[in-house]
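Comments concern the structure below.
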Amino acid sequence: MRHAYFVVFLFGGIGFVSPSVAQVAEFDIEDTLVVGTTEIDYGLNVVMTAVSPTRIGIEAVLDFSDLQARLPELLAEEPILDSCGSRTNLSEFVVEAQDEVVSLSGKLDTQFFECTKTRENIFVRGEPTDRWIFDFSGSATARFSEKCVTYELVDAVVQPLEQLRDIEGFVEDVEALRAILLEVAGRFLNERPFCPAFPEEFEPLDPVYETGGPREIGDGGLGAYLRGSVDTSTATIIGVLRVLQEEGVIPGPP
């Protein structure tokens, strides 16, 4: 049914039927994608609006609520920093969206170890020597490329425990940890783009997305949006009809 509505919408938008008919088409799709080794559910809402005889506006809103709920377990799979002398893990990780801002918070749990050089470029980790726990908060944005969404950490604040603040050189250590967090978290997120599959009938349309960013879904839910347009040329319409005919949604040529 949504395919048939899509056909009426296209022809309504380019003047084959009355302009008052089917000026807006909306599609809701649910699917899964794999992030690392974990399968994540996501939702995709697509709204198409006839804006001129030859252009159709398109907005795609992605619902990543399942990803949001499972981020703590994904981030707990591996430390954000692991060297001979220390290991840092994320814990109590929370992500929330408000309008077009994504807020992050949690704890950085850093365990320090003895580290002994045994021979050239070979180091062996020894017994634990200390443990520091920091609260952190930050904000993120979303970047779009090749129909994929990548979140980027744009700022972070690291707050040490009160009893650690008087240690000599500790301010420099905290700033260094903040820089490491930005770098490592940035690399972690950049290596895990979210690439939802758009419906096959959209392929001939080849949407051109011009803007995008984070989007709050419901109350604090993590999402993102893409906004742009498509060209309703004769070649585009023929391509869409061919796909729909192959799927058996509309009759093929006689």
Side-chain angles (χ1 to χ4, degrees), residues 2 5-6 9-10 12-15 19 22-33 35 40-69 71 95-104 137-156 182 185-233 235-237 239-240 243:
R2 76 181 167 91
Y5 185 31
F6 179 61
F9 166 73
L10 280 177
I14 61 177
Q23 293 297 295
V24 176
E26 184 171 351
F27 309 89
D28 287 303
I29 298 114
E30 294 183 355
D31 207 338
T32 61
L33 54 84
V35 178
I40 301 294
D41 296 324
Y42 73 91
L44 173 63
N45 173 261
V46 179
V47 177
M48 303 178 73
T49 307
V51 295
S52 78
T54 59
R55 301 296 297 178
I56 292 176
I58 181 170
E59 181 175 81
V61 177
L62 297 154
D63 183 346
F64 289 138
S65 299
D66 185 49
L67 170 66
Q68 179 180 14
L71 263 177
V95 55
E96 289 184 327
Q98 184 173 7
D99 297 328
E100 295 190 7
V101 176
V102 179
S103 300
L104 315 170
S137 58
S139 57
T141 188
R143 174 172 53 85
F144 297 89
S145 177
E146 300 298 327
K147 299 180 182 178
C148 292
V149 180
T150 304
Y151 284 92
E152 297 179 331
L153 188 63
V154 294
D155 194 17
L182 286 169
R187 185 166 61 248
F188 178 91
L189 294 170
N190 192 59
E191 291 172 353
R192 291 162 175 80
F194 311 112
C195 305
F198 282 73
E200 186 178 4
E201 63 265 33
F202 287 139
E203 291 302 319
L205 297 179
D206 192 23
V208 177
Y209 295 110
E210 299 154 356
T211 61
R215 172 70 62 84
E216 181 180 10
I217 304 295
D219 184 12
L222 181 65
Y225 74 93
L226 294 154
R227 188 177 296 134
S229 63
V230 296
D231 175 24
T232 56
S233 65
T236 300
I237 301 303
V240 172
V243 170

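This one's a predicted model, so the numbers in the text were calculated from it and none came from an experiment.
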Look up atom CZ in F64 and atom CG in D41, then write down how far apart they are to the nearest 0.5 Å. 12.0 Å
Taking the side chain as everything from C-beta on, heavy atoms only, tell me whether P214 gets closer than 4.5 Å to T141. yes
Say you draw a straight line from CD of E96 to CD of E216; how long is it, rounded to the nearest 0.5 Å? 9.0 Å
How long is the span from the CG atom in D63 to the CD1 atom in I29, to the nearest 0.5 Å? 12.5 Å
Would you indicate whether E210, at its atom CD, is surrounded by more than 12 heavy atoms from other residues, nucleotides or ligands within a distance under 6.0 Å? yes
Identify the heavy atoms of Q68 and V95 that sit nearest to each other, and give their distance. NE2-O, 2.7 Å
Pairs of donor and acceptor atoms involving the side chains of residues 217-228, under 3.5 Å and at least two apart or interchain, shall be tabulated with distances.
| residue | atom | partner | partner atom | Å |
| --- | --- | --- | --- | --- |
| R227 | NE | E59 | OE2 | 2.8 |
| R227 | NH2 | E59 | OE2 | 2.6 |

Look up atom OG in S139 and atom CG in L104, then write down how far apart they are to the nearest 0.5 Å. 7.5 Å
pair D66-Y42: side-chain heavy atoms closer than 4.5 Å: no
Assess whether atom CD of E100 is packed by more than 12 heavy atoms of other residues, nucleotides or ligands within 6.0 Å. yes
